[in-house]
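I have placed the structure first, in the form of structure tokens, so that the comments after it can refer back to it.
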Amino acid sequence: MKILGRLLFVILIALLLGGALFYCIKQKFETPITIKTPIEITIPKGTGLNKTAQILATNKLIDDARWFILYARMKKISSQLKAGEYYFNNTTSIQNIAHRLVKG
């Protein structure tokens with residue numbers, strides 16, 4: 001019985017930690033990013049996910065390219081990002097940026 005109780009405790013802790021991690025990641029993707037001055041970026045044709053994320057980070061649209069890469073891979077949209085010129089002002093989020101790059 002002690003083993004079963006410990007196993008259930010470990011499972012409960014794992015579920016709580018998993019839920020907390022999921023919440024933190026979701027918040028990171030949806031947290032508004034305030035853009036102080038309008039930003040115009042160009043994503044060249046043939047640019048892959050890593051380079052696109054690097055362009056976004058270099059232009060201060062996102063803090064860290066790895067978060068954008070993680071979001072695109074989780075949502076399975078990395079191959080759907082479109083080249084083009086994009087204009088950002090006001091507030092946005094990693095989620096909004098990704099969806100905008102998918103729409104083109």
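Owing to the predicted nature of the structure, the values given are computational and were not obtained by experimental measurement.
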Exercise. If you round to the nearest 0.5 Å, how far is CD1 of I94 from CG of D64?
Worked result: 8.5 Å
For this session: Determine whether Q95 and H99 make a side-chain contact, defined as any pair of heavy atoms from C-beta on separated by less than 4.5 Å.
Result: yes
Exercise. Is the NZ or CZ atom of R66 both under 6.0 Å from the centre of the six-membered ring of Y71 and within 45° of that ring's axis?
Worked result: no
Exercise. Can you tell me how far CG of N89 sits from OH of Y87, rounded to the nearest 0.5 angstrom?
Worked result: 4.5 Å
Exercise. OG1/T31 to NZ/K26 distance, rounded to the nearest 0.5 angstrom?
Worked result: 10.0 Å
For this session: Compare all side-chain heavy atoms of L49 with those of F68 and state whether any distance is below 4.5 angstrom.
Result: yes
For this session: Please examine the side chains of T91 and I33, heavy atoms only from C-beta on, and report whether any two atoms are closer than 4.5 Å.
Result: no
For this session: Any chance you could lay out the side chain to side chain contact (heavy atoms under 4.5 Å, CB included) test for R73 and L70, step after step, and finish with the verdict?
Result: CA-CA 5 Å; R73 287 187 177 155; L70 178 63; 5.7 Å; no
Exercise. With side chains defined as the heavy atoms from C-beta onward, is the minimum distance between N90 and I35 less than 4.5 Å?
Worked result: no
Exercise. Under 4.0 Å between a Lys/Arg side-chain N and an Asp/Glu carboxylate O for K28 and D63?
Worked result: yes
Exercise. Any sub-3.5 Å donor-acceptor pair from N59's side-chain atoms to I55's backbone N or O?
Worked result: yes
Exercise. Linking I/L/V/M/F/W/Y whenever their side-chain heavy atoms sit closer than 4.5 Å, directly or via other members, would M74 and L21 fall into one cluster?
Worked result: yes
For this session: Would you kindly confirm whether L12 and L4 end up in one hydrophobic cluster when ILVMFWY residues are joined by side chain heavy atoms under 4.5 Å apart?
Result: no
Exercise. Taking the side chain from K82 and the backbone from V102, do they hold a donor-acceptor pair closer than 3.5 Å?
Worked result: yes
Problem set entry | Heavy-atom check, side chain of I39 versus side chain of Y86, under 4.5 Å | no
Seminar exercise, completed: Rounded to the nearest 0.5 angstrom, the CG-CZ distance for L61 and R100 is 9.0 Å
Exercise. About how many Å separate CZ of F22 and CD of Q27, when rounded to the nearest 0.5 Å?
Worked result: 10.0 Å
Seminar exercise, completed: Between the CD atom in Q54 and the CD1 atom in I69, the distance rounded to the nearest 0.5 Å is 9.0 Å
